[in-house]
Amino acid sequence: MASLRNVAAPYWAEFIGSLLLTLVGLGATAQSLVAPANTPALSSSLAWGSAVTLGIWVSEHVSGGHINPAITLARALFSDFSLAKVPGYLAAQTLGAFSGALLVWLNFASDLGALKPTHGLHPATHAFITANDTWSGLVNEITASFIFVLAVFAISDQTSNAKNIAPLALGVAFAAASLALSSPLQLALNPARDFGPRVFAALVYGLDVFADHSFYFWVPIVGPIAGAVLGAFVYEWLVRRDAEYQHSLEDA
């Protein structure tokens, strides 16, 4: 019988991987807010790509390195990932993201607190949440998540030459999707990356973070999930099956 420690290991791995993802990514975002000049999009995208690589490297060998509820749901629908593990993975990822936001706040609390509020949300909240026009943001989230999760399934395929450097390759894929389609307040591409820190921001700066930009908070939840499911479907049912058919013809 598996010990409690062994049973809990994948969930701890998802928690820690998600914590590292948000700690590095949100830390870079916070620096861009408190620095004299805003960080360019390239630097922000590279920071988040590096955060993805680090989070996956830490957790991949234990939990599969999902660190993203959208990927967990896509794996459950299109791979052999157990549906029974989905709730625990989603909870671990969201709590990890919340904890990452807490650590970022502890490191930048005085600098973020020194930002001058003008109207609406405290400017420090932008270190933790994403925002955009609702329709544009939804299209961006779906499109970028489609690209990223298509890459996730392709790179992690057992026949892929990139599987041995999967964390690095996925970090590059995330950075590319973010750089191509990110708004000034960034993409989430990950429901936990926005929702966990948004809950933290609500505790510190007020519940208005959920009403911001016409209740935008649902967009970085629904958009990445829709894009991930679409990306997984395209890879598993179109790309992979066609490749298997071509290989069977070659073998014949």
Side-chain angles (χ1 to χ4, degrees), residues 17-33 35 37-57 65-72 74 93 96-97 100-101 104 125-156 162 165-198 213 216-217 219-232 234-235:
S18 298
L19 185 154
L20 290 174
L21 165 70
T22 50
L23 176 58
V24 174
L26 294 180
T29 305
Q31 287 190 57
S32 73
L33 287 176
N38 286 335
T39 302
L42 177 60
S43 297
S44 177
S45 296
L46 290 176
W48 277 103
S50 300
V52 168
T53 294
L54 180 60
I56 294 174
W57 251 325
H66 296 189
I67 62 172
N68 184 335
I71 291 176
T72 297
Q93 292 155 358
V104 168
T125 59
H126 298 310
F128 302 101
I129 66 173
T130 60
N132 199 349
D133 170 74
T134 300
W135 175 246
S136 296
L138 184 62
V139 172
N140 288 164
E141 291 285 358
I142 292 173
T143 306
S145 296
F146 166 77
I147 294 169
F148 178 58
V149 174
L150 183 64
V152 168
F153 274 69
I155 292 167
S156 61
I165 56 167
L168 182 60
L170 292 174
V172 171
F174 189 98
S178 175
L179 184 61
L181 296 166
S182 185
S183 73
L185 286 177
Q186 303 183 354
L187 287 165
L189 283 86
N190 182 334
R193 169 263 178 269
D194 185 89
F195 187 73
R198 193 178 292 266
H213 280 72
Y216 184 81
F217 77 91
V219 172
I221 297 174
V222 174
I225 292 172
V229 170
L230 183 60
V234 167
Y235 184 77

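How far CG of D133 is from NE2 of H213: 8.5 Å, rounded to the nearest 0.5 Å. Atom CD1 in I71 sits 7.5 Å away from atom CG in N190 (nearest 0.5 Å). In this structure, the separation between OG on S136 and CG on L181 is 11.5 Å, given to the nearest 0.5 Å. Taken from NE2 in H66 to OG in S156, the straight-line distance is 8.5 Å, to the nearest 0.5 Å. Atom-to-atom distance recorded for I56:CD1 and L168:CG is 10.0 Å, nearest 0.5 angstrom.
Counting all heavy atoms, side chain and backbone alike, F128 lies closest to V104 at CE2-CG1, 4.2 Å. Scanning all heavy atoms of the two residues, the minimum distance from A169 to I155 falls at CB-CD1, 3.7 Å. Pairing each heavy atom of A177 with each of I147, the nearest pair is CB-CG2, 4.4 Å. Between L187 and N140, the shortest heavy-atom contact is CD2-CB, 3.5 Å. Taking both residues in full, the closest heavy atoms of A232 and A74 are given as CB-CB, 3.9 Å, listed atom of the first, atom of the second, then distance. For the residue pair L189 and F148, the shortest heavy atom distance occurs at CD2-CB, 3.9 Å.
The side chain to side chain donor-acceptor pair (under 3.5 Å) search around Q93 returns E14, T72, not counting sequence neighbours. Listed by chain and residue number, nothing satisfies the ring pair (Phe, Tyr, Trp, His ring centres under 6.0 Å) test with F146 (two or more places apart in sequence, or in another chain). For the ring pair (Phe, Tyr, Trp, His ring centres under 6.0 Å) test, no residue two or more places apart in sequence or in another chain qualifies with Y235.
Using cut-offs of 30° and 60° for the angle between ring planes, the W48 and F174 rings count as tilted.
Remark: the backbone N or O of G25 is paired with a side-chain donor or acceptor of T29 at under 3.5 angstrom. A donor-acceptor pair is defined here as one N or O able to donate and one able to accept, closer than 3.5 Å; such a pair exists between the side chain of T22 and the backbone of L19. With N68 contributing its side chain and A192 its backbone, the two residues share no donor-acceptor pair below 3.5 Å. Counting only distance, with no hydrogens or angles, the side chain of R193 and the backbone of S18 share no donor-acceptor pair below 3.5 Å. The backbone N or O of P167 sits less than 3.5 Å from a side-chain atom of T53, completing a donor-acceptor pair.
Contact check for T125 versus R198: no side-chain heavy atoms found under the 4.5 Å cut-off. In this structure, I225 and P69 have side chains that are not in contact, with every pair of non-hydrogen atoms separated by 4.5 Å or more. Annotation: side chain of I129 is not in contact with side chain of P197 (no heavy-atom distance under 4.5 Å). Taking the side chain as every heavy atom from C-beta outward, I221 and D194 never approach each other to under 4.5 Å. In this structure, the side chains of E141 and V219 come closer than 4.5 Å at one or more pairs of heavy atoms.
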Exercise. Does the pair V24 and L54 meet the rule for a side chain to side chain contact (heavy atoms under 4.5 Å, CB included), with working shown?
Worked result: CA-CA 9 Å; V24 174; L54 180 60; 3.9 Å; yes
